[in-house]
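Worksheet: the structure to be examined is printed underneath.
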Amino acid sequence: MKRVLIVDDSLVVRETLSSIVSQHPDLSVIGLAENPFEAAKFIKKEVPDVILLDIEMPRMDGITFLKRLMSQRPVPVVICSSLVGQGSRASLEALEAGAVELIKKPVISTKEYLEESKIRIQDVVLAAAKVKLNPVGSAPKSPPAPTPPSSSKSSPIRGRKSAQNVDLIAIGASTGGTDALKTVLSQLPTDFPPIVIVQHMPEHFTAAFANRLDAECRIRVVEGENDMALERGMAVIAPGNKHMSVAGAPRSLRVEVREGPLVSRHRPSVDVLFRSAAARTKGTAIGVLLTGMGSDGATGLLDLRKGGAFTIGQNQQTCTVYGMSRAALEKGAVEVELALNDIPQALVELCSKKPAAGSPARVRS
């Protein structure tokens, strides 16, 4: 049973979240606090497995409390705020301060919307409870510089045939994926096949996340829009609360963005993206499944592999939560498991062939 502390200045929100969390058989609410000072007193008596934390609160805001908590007694924290739905700078700051996930506050709406909110909140809390936090006072290791294929360093895909004429890279991630994606994308060269990504993330936040990655990567990173053409040197992130799929033919691919019910408990769903990639690329793709709880993406990655795509799963040792990639491995969908820092090099090696004629690289200005 995972123990949850809820910190929010609204009594209605505290009671609503408590009801949602308590409905899951593996979760229990052990405390409700209306501000960080009450939360700090509670933690001195009993340390929870997860904290659900608001950002805007009187006396002390959630970001300040989060920073102090991470420096003194790290606990997995899920930010639950209305600001998340606005794609605010505060949401990005929360991730940088150590929050493991972001979710929107539940809103009284249709029965279907409330049910989806319950699923999302429960899944996120369960995932957060499994997160491996860095020891107190330690900092995450910076990703190494890109290693060219000709380096003397042992190849992470030694003995495996290089993919032929790669038209697309499809990546799925969830809890811990924001940092994992930065590690992968920041090491890829500008002249690279198009990349499509599903990162489980709230609506409106994906645009800010894409902008942040775009500023830190050599390739161009954007939020997906319906009918957007996929070009070399670009990565497209599925917008929050929308499914994204691949359409068109190899070397003239585009993305489709649409509404729809939850698939594999998610929207956007990695399975939706991977299945469409498998149908459109006929083996000229690479599928990558990164850290995250649950099994979204496992079936789609199997479709990719059956269609001839090269498939990679992030290994247990480097996953924040070893769930999605493990589910794919158990299905036989993963051709090779790699440490996170080895995945960029593997992608570079697999895509080392020159692009086909008529597919010029897009150069960033």
Side-chain angles (χ1 to χ4, degrees), residues 76 100-101 123-134 140-141 143 155-158 160 163 166 168-188 195-201 235 237-238 244 263-278 285-351:
V100 299
E101 273 283 14
D123 284 355
V124 164
V125 171
L126 284 168
K130 297 183 178 182
V131 167
K132 300 174 290 186
L133 293 176
N134 290 310
K141 294 181 179 179
S155 167
I157 53 170
R158 175 180 291 177
R160 289 176 169 83
V166 175
L168 185 71
I169 315 292
I171 303 177
S174 189
T175 307
T178 53
D179 287 335
L181 285 169
K182 177 182 175 181
T183 297
V184 173
L185 298 183
S186 65
Q187 299 186 64
L188 300 179
I195 303 167
V196 286
I197 300 165
V198 163
Q199 162 70 51
H200 296 154
M201 192 171 279
I237 297 178
M244 188 172 80
V263 176
S264 302
R265 299 176 70 87
H266 292 282
R267 185 178 55 242
S269 165
V270 183
D271 273 328
V272 169
L273 179 68
F274 281 4
R275 287 168 182 163
S276 67
I286 300 172
V288 183
L289 202 50
L290 301 175
T291 176
M293 182 176 172
S295 60
D296 186 27
T299 301
L301 195 70
L302 183 60
D303 287 348
L304 278 165
R305 187 175 186 187
K306 286 180 176 179
F310 192 96
T311 57
I312 299 171
Q314 185 178 345
N315 69 3
Q316 181 174 4
Q317 291 77 11
T318 61
C319 276
T320 302
V321 178
Y322 186 55
M324 289 161 55
S325 54
R326 178 177 63 185
L329 182 70
E330 292 172 349
K331 278 183 173 289
V334 175
E335 185 163 350
V336 60
E337 270 201 336
L338 297 176
L340 176 62
N341 283 333
D342 285 334
I343 292 175
Q345 181 192 354
L347 292 177
V348 170
E349 290 184 16
L350 289 165
C351 299

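Residues take their numbers from the sequence shown, with the count starting at 1. For the numbers below, each heavy atom of this structure counts, side chains included, while hydrogens, waters and symmetry mates do not.
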Closest approach of [X] and [Y], non-hydrogen atoms and distance?
{"X": "Leu168", "Y": "Ala277", "result": "CD2-CB, 3.8 Å"}
{"X": "Gly292", "Y": "Ser174", "result": "CA-CB, 3.7 Å"}
{"X": "Asp123", "Y": "Met293", "result": "O-SD, 3.9 Å"}
{"X": "Phe274", "Y": "Leu301", "result": "CD2-N, 3.5 Å"}

Go through the structure and list residues passing side chain to side chain contact (heavy atoms under 4.5 Å, CB included) with Ala298, not counting sequence neighbours.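 Side chain to side chain contact (heavy atoms under 4.5 Å, CB included) check on Ala298 returns Ala327, Ala328, Lys331.
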Mind checking what makes side chain to side chain contact (heavy atoms under 4.5 Å, CB included) contact with Ala173, not counting sequence neighbours?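 Partners of Ala173 by the side chain to side chain contact (heavy atoms under 4.5 Å, CB included) criterion, ordered by chain and then number, come out as Gln199, Leu290.
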For a 4.5 angstrom cut-off between non-hydrogen side-chain atoms, does [X] reach [Y]?
{"X": "Pro76", "Y": "Glu101", "value": "no"}
{"X": "Ile343", "Y": "Gln314", "value": "yes"}
{"X": "Leu185", "Y": "Ile197", "value": "yes"}
{"X": "Cys351", "Y": "Ile169", "value": "yes"}
{"X": "Met324", "Y": "His200", "value": "yes"}
{"X": "Arg326", "Y": "Gln316", "value": "no"}
{"X": "Asp342", "Y": "Asn315", "value": "no"}
{"X": "Arg275", "Y": "Thr299", "value": "yes"}

Strictly distance-based, threshold 3.5 Å: is any side-chain N or O of [X] a donor or acceptor partner for the main-chain N or O of [Y]?
{"X": "Ser264", "Y": "His266", "result": "no"}
{"X": "Thr311", "Y": "Ala333", "result": "yes"}
{"X": "Thr183", "Y": "Asp179", "result": "yes"}
{"X": "Asp296", "Y": "Val270", "result": "yes"}

Quick one, Leu347 with Val288, criterion side chain to side chain contact (heavy atoms under 4.5 Å, CB included). Give me CA distance, side-chain angles, the key distance, then yes/no. CA-CA 9 Å; Leu347 292 177; Val288 183; 4.0 Å; yes
Sole residue of Val131, Thr178, Thr318, Thr320 in side chain to side chain contact (heavy atoms under 4.5 Å, CB included) with Thr291: Thr320
Evaluate the side chain to side chain contact (heavy atoms under 4.5 Å, CB included) criterion for residues Leu289 and Val334: first the C-alpha distance (whole Å), next the side-chain angles of each, then the deciding distance (0.1 Å), finally the verdict. CA-CA 9 Å; Leu289 202 50; Val334 175; 5.9 Å; no
